[in-house]
Number of protein chains: 2
Amino acid sequence: MKTLTYAEENYLKAIYHISEAGKKGVSTNDIAAAMQTKPASVSDMLRKLSNKKVIEYRKYYGVHITEEGKKYALQTIRKHRLWEVFLVEKLHFTWDEVHEVADELEHIKSAILIQRLDEYLGYPKFDPHGDPIPDEYGDVKARPRLPLSEIEINGTGQIVAVKDSSAAFLRYLDKVGAYIGARIKVLDKVEFDGSVEILVDNKKKIFMSREVAGNVLVMV
Amino acid sequence: MKTLTYAEENYLKAIYHISEAGKKGVSTNDIAAAMQTKPASVSDMLRKLSNKKVIEYRKYYGVHITEEGKKYALQTIRKHRLWEVFLVEKLHFTWDEVHEVADELEHIKSAILIQRLDEYLGYPKFDPHGDPIPDEYGDVKARPRLPLSEIEINGTGQIVAVKDSSAAFLRYLDKVGAYIGARIKVLDKVEFDGSVEILVDNKKKIFMSREVAGNVLVMV
DNA sequence: AGATAAGTTTAGGTATAACTAAATATTAAT
DNA sequence: ATTAATATTTAGTTATACCTAAACTTATCT
């Protein structure tokens with residue numbers, strides 16, 4: 001069991017997320033953008049992470065996360081998402097308020113704390129944004145999901161996650177009446193601008209632009 | 001609102017605790033002992049804390065915490081103790097397991113988090129060790145308390161706190177049948193070694209050495 | 001292919017927070 | 001009032017994690 005610093009955990013988490021999205025080598029620039037830092041700082045860190053064998057690093061050719069690195073990344077993600085559940089379900093945070101706080105809480109080291117928290121929350125499988133919570137071995141239950149924009153007319157499903165979980169986007173969703181867990185039906189799709197009309201929970205009709213619908217993930 | 005680093009918060013908390021106990025200037029050596037670090041490191045930190053005006057520092061003559069410093073120290077103590085209540089009451093930690101974890105949790109920055117946690121816990125006034133929880137303005141409800149060793153024969157009271165809250169000491173107390181909140185009566189005091197015989201909750205007779213009894217605080 | 005652009009790394013510097021060893025100040029003891 | 005003991009500070013070093021500026025590598029364009 002290696003000990004990673006906060007910064008190392010954050011970089012590893014970012015690298016994991018980027019490689020999950022793209023499925024190939026992750027570039028220094030992408031990491032710098034995700035971490036809101038400079039490429040030079042990223043190069044420094046990649047050397048450190050490589051020494052700790054949590055990534056494979058070939059200069060100028062981007063990085064791949066190792067199996068061991070994935071394990072650490074998933075532990076951090078597990079902690080982050082469990083704390084998000086806690087904040088929303090127990091402390092009544094709204095789902096757009098939890099991110100920053102969970103980003104701090106995810107680094108608390110105690111293993112027993114996370115085990116007890118998990119138990120206390122009733123072993124949740126998904127966080128408030130609909131993202132799956134890895135179990136203590138790093139296994140994730142993936143849901144089959146599609147962007148709302150790709151569901152055909154009269155297709156139904158349940159909103160299970162969002163791609164862009166920025167506070168602004170989440171607030172916007174709440175405002176128009178969409179939320180994780182909402183049952184939806186696509187009533188109409190406008191050809192020329194790609195916007196969709198959907199029915200939420202069989203009672204509320206709302207419109208969404210192609211941009212928004214592309215960021216809302218639905219389990220069909 | 002200044003931002004203090006984790007290390008600065010920890011030093012300030014230690015300085016506050018030591019000055020509360022002794023009521024006068026706090027020495028570099030005392031701080032080094034409390035922080036498990038070297039005097040040279042303490043000197044470094046005192047310069048930094050002095051620059052931030054949270055302590056008054058005269059070289060070679062120890063430090064005094066300022067009013068502003070006290071405010072920050074009490075905030076950290078408030079967070080520490082609220083998290084301890086959470087760990088014991090919600091996650092069923094025993095009172096000797098909470099210290100290390102709370103030492104990490106106390107540095108989480110979100111003010112709204114602490115406010116909501118306080119509410120969720122029902123605005124507790126004392127932590128699991130019986131120590132008072134400062135309110136959001138730093139006000140503490142102090143309980144009048146005496147070491148158990150100084151209570152006279154037939155005197156009664158309630159265990160409200162311990163001076164030495166080390167895990168070993170707390171486990172020992174639990175083992176002999178003492179705990180925070182226990183109602184006690186002093187049955188006998190042995191002259192030559194200072195040990196005491198006490199009755200816990202009107203049903204269990206236990207013995208305590210002078211050392212142990214001196215570390216158990218009783219509200220009379 | 002050679003020039004330019006884009007991406008990445010290195011070199012050198014800053015701040016935090018620790019350390020050891022040496023120097024200095026204060027306090028206690030004869 | 002010196003000396004000795006204790007306490008404290010300074011100087012110099014290390015490690016993390018960031019930065020800017022310059023150098024270098026790879027990719028792209030004509």
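Nothing here was measured: the structure is a model prediction, and the numbers come from that model.
- A cation-pi geometry, defined here as NZ or CZ lying under 6.0 Å from the six-membered ring centre and within 45° of its normal, holds between B:K90 and B:Y120.
- A:F86 and B:W83 have tilted rings, their planes meeting at an angle from 30° to 60° on a 0 to 90° scale.
- Among the heavy atoms of the strands lying under 4.0 Å from A:T28 are primed sugar atoms or P, OP1, OP2 only; no base atom is included.
- Using modelled atom types and a 3.5 Å distance limit, the side chains of A:H80 and A:D127 yield no donor-acceptor pair.
- Side chain of B:L46, nearest nucleotide from C:dT8, C:dC19, D:dT9: D:dT9.
- Comparing atom distances between the A:K38 side chain and each of D:dT9, D:dC19, C:dC19 picks out D:dC19 as nearest.
- A salt bridge links B:K13 and B:D103; the closest N-O separation between the charged side-chain nitrogens and carboxylate oxygens is under 4.0 Å.
- Of the candidates C:dT8, C:dA17, D:dT20, C:dA17 carries the atom nearest the B:K48 side chain, counting heavy atoms from C-beta on.
- Out of D:dT8, D:dT10, D:dC18, the shortest distance to the side chain of A:M45 is found at D:dC18.
- Ring-centre distance between A:H129 and A:H99: below the 6.0 Å cut-off.
- Here the C1' atom of nucleotide C:dA17 and the NZ atom of B:K52 are 12 Å apart, to the nearest Å.
- Of the listed nucleotides (D:dT10, C:dA17, D:dT20), C:dA17 has the atom at the smallest distance from the side chain of B:T5.
- Taking atom CG on A:D44 and atom C1' on C:dT9, their separation rounds to 9 Å, with Å as the unit.
- Taking atom OH on B:Y57 and atom P on D:dT8, their separation rounds to 9 Å, with Å as the unit.
- For A:N29, no side-chain nitrogen or oxygen approaches OP1 or OP2 of C:dA6 to under 4.0 Å.
- Nearest nucleotide to the side chain of A:E8, out of D:dC19, D:dA17, C:dA18: D:dA17.
- Comparing C:dA18, D:dT8, D:dC24 by their nearest atom to the side chain of B:T37 picks out C:dA18.
- Side-chain N/O atoms of A:Y61 include one lying less than 4.0 angstrom from OP1 or OP2 on D:dT26.
- Of the listed nucleotides (D:dC18, C:dA17, C:dA18), C:dA18 has the atom at the smallest distance from the side chain of B:Y11.
- The distance from atom CZ of B:R58 to atom P of D:dA7 is 19 Å, rounded to the nearest whole Å.
- Regarding B:E9, its CD atom lies at a distance of 11 Å from the P atom of C:dA17, rounded to whole Å.
- Atoms OH (B:Y6) and C1' (D:dA17) sit 15 Å apart, rounded to a whole Å.
- Rounded to an integer number of Å, the gap from A:K59 NZ to C:dA11 C1' is 13 Å.
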Stepwise side-chain contact (heavy atoms from CB on, under 4.5 Å) check, A:Y72 with A:E9: CA-CA 8 Å; A:Y72 286 108; A:E9 282 185 358; over 6 Å; no

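- Distances from the side chain of B:S41 to the nucleotides D:dT9, C:dA18, D:dA27 place C:dA18 closest.
- Listed nucleotides C:dA18, D:dA17, D:dT9 differ in distance to A:A7; the shortest reach to its side chain belongs to D:dA17.
- Taking atom CZ on A:R47 and atom P on D:dA15, their separation rounds to 12 Å, with Å as the unit.
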